[in-house]
Each structure stands twice: as structure tokens, then as C-alpha cells.
Amino acid sequence: MVKLNENYKKLKVNYLFADIAKRVKDFQAKNPSLGIIRMGIGDVTMPLALPVVSALKNASQEMGAKETFKGYGEYQGYPFLQQAIKDYYTEFGVDLSLNETFVSDGAKSDVANFAELFSEDNTAIIPDPVYPVYLDSNLMSGRNITLIDGNEKNGFLPLPYSGLKGGIIYLCSPNNPTGAVYTKAQLKLWVDFANKNGAVILFDSAYEAFVQNPELPRSIYEIEGAKTCAVEFCSFSKTAGFTGTRCGYTVVPNDLKISGESLNAMWLRRQATKFNGTAYIIQRGAEAVFSKEGQIAVKNTLNYYRENALIMAETLTKCGIWFTGGENSPYLWLKCGMDSWEFFDLLLNKINVVGTPGAGFGKCGEGYFRLTAFNTKENTIEAMKRLKSLLS
């Protein structure tokens with residue numbers, strides 16, 4: 001008889017955002033006339049930039065002509081997109097080789113899958129609160145997990161400490177869910193820790209484009225020594241609105257080796273076996289993000305979300321509510337002063353606003369709540385008006 005992977009029983013019955021969706025659906029069924037403002041799931045609301053749409057159209061037409069039709073592509077991505085990514089990194093002083101970049105269908109799947117390269121008897125070091133995929137993917141594999149606490153005292157940016165042990169370290173900056181951003185000095189502590197202990201940092205930089213402060217790092221490779229201990233995951237989803245289009249990339253430096261084995265070569269072998277590459281049409285759209293016109297359009301969209309975040313931050317400040325994020329992140333992580341699921345129900349039932357309860361991100365998230373700037377300005381203003389009225 002076939003045996004199941006018993007580790008799946010360690011997972012919560014429902015994925016956090018599926019649970020939220022069900023609660024909202026049930027509420028809507030009972031209150032069909034009420035207009036709900038969604039500020040929970042981090043899904044973008046602005047359309048793709050026109051240069052991206054034009055590139056997608058042109059690539060689609062190419063696929064309809066014999067002379068320009070494309071079949072299977074490169075496992076690592078087409079060179080034209082790898083080159084665009086390489087050029088983009090030079091803007092913040094990072095030099096990459098083309099073969100260090102792997103184009104994918106998004107950061108989430110790569111973050112979850114990359115740990116396949118490591119033995120299951122490694123311990124994963126994961127901050128709490130945390131984006132669920134880091135924790136769940138390691139639970140699925142049966143790997144031991146050490147949670148390190150993020151809290152108000154450390155600004156929800158936990159650092160390595162004496163006695164900490166583990167081989168796989170998960171970091172996200174700007175952070176999801178808290179919006180907090182590591183400084184270069186703080187990341188240097190993690191890089192030095194990883195190099196000293198033979199550990200690997202899996203660094204999620206999906207929100208790097210929201211960093212406005214030039215003193216804050218947008219890539220872990222801005223930190224000396226990172227190329228020998230860190231893998232970086234990035235996404236076009238929040239940067240350029242690709243949540244429904246699906247494209248991201250992972251950087252695996254050639255200098256990153258474990259017991260003399262190249263992780264770059266191992267990841268390429270893994271991708272060749274389990275991944276057939278990202279669609280040519282989508283990669284052409286992603287390439288257009290890095291064009292001069294694309295960057296102007298994308299930055300305009302990012303500024304739109306930043307304005308929403310500013311509106312939210314001003315409201316929370318006026319209400320005397322402690323929070324992190326908002327300035328260099330699309331997320332605001334606020335102290336709600338009660339059970340976070342109770343606060344979720346309060347906002348949904350009293351002012352018809354949906355957020356994300358902090359408890360869904362771990363034990364250290366209890367008592368906190370995440371709001372997202374990914375909405376229209378009109379909805380953001382209205383939601384904050386309702387929130388201010390409620391809290392008053």
C-alpha cells in the first residue's frame with residue numbers, strides 16, 4: 001500500500017489566505033449589499049505598464065509566425081532577460097554573471113523548492129512572524145526548524161545570537177508581513193554568521209523596488225561576503241504587477257559552494273529535471289520592465305502604491321497606533337491591541353475592511369495586523385476614514 005508523506009499532517013488545515021478568503025466569502029453571502037475594501041492579500045490593483053503590454057503583444061505575434069516561433073526555451077531563461085537583470089543590478093553596485101541568474105514563474109515557488117538541494121537533517125532558521133511558504137515548505141520536508149523572534153524591541157528584524165545553530169537561513173527584506181527593512185550593518189551580521197558557520201541564506205527580496213532610502217540595501221549582494229553564502233529571490237509580481245502574469249528570478253552566485261559543490265550547478269540540474277522554463281512571451285514582457293520607458297511606467301505605479309502607504313501611515317500615526325513599514329514597503333504592520341483574528345472580524349463586520357491577522361504569520365504576530373497599500377487611492381482613503389472613525 002502506498003504511504004503518504006506524514007509531514008503534511010504538520011501543516012495547518014488551511015493556507016492563511018485561503019482561510020481569509022473563505023471568511024470574506026461567507027460574510028459577503030450574508031451581506032451582499034455591503035461594499036468590502038480588501039487590504040489583506042498583497043495582490044496588485046494597477047494594470048501592467050504599456051511598454052510591457054506592447055512587448056507581450058509583439059511576442060505573441062512572433063509565436064504565430066513560423067520564422068519567429070519559439071519552442072522549448074533555456075532552462076535558466078533567455079539571455080535577453082538575463083542581460084536586462086544583470087544591467088539592473090549594476091544600478092545598486094552589484095555585478096552578476098549571466099549564468100548566475102535563473103528566470104522562473106515567481107519567487108514563491110523558487111523559495112519553496114530551493115531547499116531541495118539540502119539534506120533534510122539540516123535545521124532551518126526562520127524568523128517569526130514569517131511569510132507562510134518558508135515555514136510550510138520545511139514542514140513538508142520534515143526538516144527541523146528554529147524560529148527566531150521578531151518583536152517591537154528588535155523592530156521585527158531579528159539578528160543572529162550566540163548559540164544559534166542551523167544550516168538554512170530565511171530572510172526577507174523589505175519584510176513580508178512586517179514591512180521592516182534590514183540595514184547594511186544588520187545584514188552584514190547575518191552574512192558573517194553564515195560564512196562562519198557554513199550556512200546558506202535564502203534571501204527574499206521580492207519588495208526591493210519599494211526601498212526609497214539609499215542607505216538601505218536592495219540586494220544582499222551589496223554586502224561584502226554575501227556571494228559565498230547567499231541565494232537571492234526576486235519577483236516581478238509586486239515590482240511590475242506580474243501577480244497574474246507570473247515571472248521572477250533567482251540569483252545563485254558561482255562562488256557559492258557547499259563541501260566543494262557548486263549550488264549554481266546543482267540548481268541548474270534541478271531546474272533541468274523539474275522545470276521547463278518560463279514562457280517566451282512572458283519573458284519578453286519582463287524584459288520590457290527594464291527598458292527606459294518600462295522603468296518610468298513601473299516607478300509611476302510604485303509611487304501610486306507609496307502614496308497609499310503614506311495615507312495609511314498618517315492615519316495610524318494620528319490614531320496613536322504603533323506600526324512598522326509603509327515608507328520602504330507596501331505593507332504596514334500595526335499593533336492592534338487584541339487577538340488579531342478578533343481584530344480581523346471587527347474590521348470586517350464594523351467597517352467592511354479586510355486585513356491580515358498577524359497570528360497567521362506565527363506566534364510573534366499575535367496582537368498585530370497587516371494592511372497592504374495595493375489598492376486604489378479612493379479605496380485607501382475610504383478605508384482609513386472608516387478605520388479612524390472606528391478607533392475614535
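Atom set for the values below is all heavy atoms of this structure, side chains included, hydrogens, waters and symmetry mates excluded. Source: prediction; values computed, not measured.
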Pair Glu215, Thr183: side-chain N/O donor-acceptor within cut-off below 3.5 Å: no
Donor-acceptor pair between Asn99 and Asn254 side chains, under 3.5 angstrom: yes
Other residues, nucleotides, ligands: >12 heavy atoms within 6.0 Å of Tyr161 OH: yes
Contacts of Glu378 that satisfy side-chain hydrogen bond (donor to acceptor under 3.5 Å, both in side chains) - sequence neighbours left out: none
More than 12 heavy atoms from other groups under 6.0 Å of CD on Glu327: no
Pairs touching residues 135-150 that satisfy side-chain hydrogen bond (donor to acceptor under 3.5 Å, both in side chains), sequence neighbours left out: Asn138-Arg143, Asn138-Tyr170, Ser141-Arg143, Asp149-Lys363
Same apolar cluster (I L V M F W Y, side chains within < 4.5 Å links), Phe275/Trp267: no
Which residues share a salt bridge (charged side-chain N to carboxylate O under 4.0 Å, His left out) with Lys188, sequence neighbours left out: Asp192
Leu81-Tyr75 co-clustered via ILVMFWY side chain contacts under 4.5 Å: no
Donor-acceptor pair between Asn195 and Thr228 side chains, under 3.5 angstrom: yes
Donor-acceptor pairs under 3.5 Å, side chain of residues 279-289 to any protein atom, not counting sequence neighbours: which ones?
from	atom 1	to	atom 2	distance (Å)
Tyr280	OH	Glu62	OE1	2.7
Tyr280	OH	Glu62	OE2	3.2
Tyr280	OH	Arg284	NE	3.0
Gln283	OE1	Tyr78	N	2.9
Gln283	NE2	Thr278	O	2.8
Arg284	NH1	Glu287	OE1	2.8

Donor + acceptor pair across side chains of Tyr89, Glu232 (<3.5 Å): yes
Return all side-chain donor-acceptor pairs below 3.5 angstrom for residues 47-59, not counting sequence neighbours, or 'none' if the list is empty.
from	atom 1	to	atom 2	distance (Å)
Asn58	ND2	Ser54	O	3.3

Quick one: side chains of residues 314-324, donor-acceptor pairs under 3.5 Å with protein atoms, not counting sequence neighbours, listed by atom name and distance.
from	atom 1	to	atom 2	distance (Å)
Thr315	OG1	Ile311	O	3.0
Thr317	OG1	Ala313	O	2.8
Thr324	OG1	Thr178	O	2.6

Audit row: Val251, Phe102, side-chain contact (heavy atoms from CB on, under 4.5 Å) steps and yes/no: CA-CA 6 Å; Val251 179; Phe102 296 76; over 6 Å; no
Aromatic ring proximity, centroids under 6.0 angstrom, Phe369 and Trp333: no
Derivation of the side-chain contact (heavy atoms from CB on, under 4.5 Å) call for Phe203 and Val231: CA-CA 6 Å; Phe203 188 77; Val231 176; over 6 Å; no
Lys10 atom NZ, neighbour heavy-atom count above 12 within 6.0 Å: yes
Pair Thr380-Asn375, side-chain donor/acceptor within less than 3.5 Å: no
Aromatic ring proximity, centroids under 6.0 angstrom, Tyr249 and Tyr88: no
Glu74 atom CD, over 12 foreign heavy atoms within 6.0 Å: no
Glu222 (side chain) donor-acceptor with Pro217 (main chain) under 3.5 angstrom: no
Co-members of Leu216 in a cluster of I, L, V, M, F, W and Y side chains, linked at under 4.5 Å: Val181, Val211
Phe156, Phe361, Phe343 screened by side chain to side chain contact (heavy atoms under 4.5 Å, CB included) with Tyr368, the one that passes: Phe156
Pairs involving residues 383-392, ordered by first then second residue, that meet salt bridge (charged side-chain N to carboxylate O under 4.0 Å, His left out) (sequence neighbours left out): Glu382-Arg386
Transitive ILVMFWY side-chain link Leu187 to Val111, under 4.5 Å: no
Results of salt bridge (charged side-chain N to carboxylate O under 4.0 Å, His left out) for Arg23 - residues two or more places apart only: Asp19, Asp345
Pair Asp121, Ser119: side-chain N/O donor-acceptor within cut-off below 3.5 Å: yes
Pairs touching residues 25-52 that satisfy salt bridge (charged side-chain N to carboxylate O under 4.0 Å, His left out), sequence neighbours left out: Lys22-Asp26
Contact list for residues 292-303, test side-chain hydrogen bond (donor to acceptor under 3.5 Å, both in side chains), sequence neighbours left out: Asn303-Arg306
Hydrophobic cluster identity match, Leu202 and Leu256, side-chain contacts under 4.5 Å: yes
Sequence neighbours excluded, every pair satisfying salt bridge (charged side-chain N to carboxylate O under 4.0 Å, His left out) that has a member inside residues 331-341: Glu152-Lys335
Worked verdict on Tyr134 versus Ile145 for side-chain contact (heavy atoms from CB on, under 4.5 Å): CA-CA 10 Å; Tyr134 310 155; Ile145 297 169; over 6 Å; no
Intermediate values then yes/no, ring pair (Phe, Tyr, Trp, His ring centres under 6.0 Å), Tyr331 and Tyr207: CA-CA 10 Å; Tyr331 297 123; Tyr207 302 93; 5.2 Å; yes
Hydrophobic cluster membership, Ile296 vs Leu302, 4.5 Å side-chain cutoff: no
Check against side-chain contact (heavy atoms from CB on, under 4.5 Å), Cys229 and Val191: CA-CA 7 Å; Cys229 69; Val191 168; 3.9 Å; yes
Min side-chain heavy-atom separation Val252-Phe114 under 4.5 Å: yes
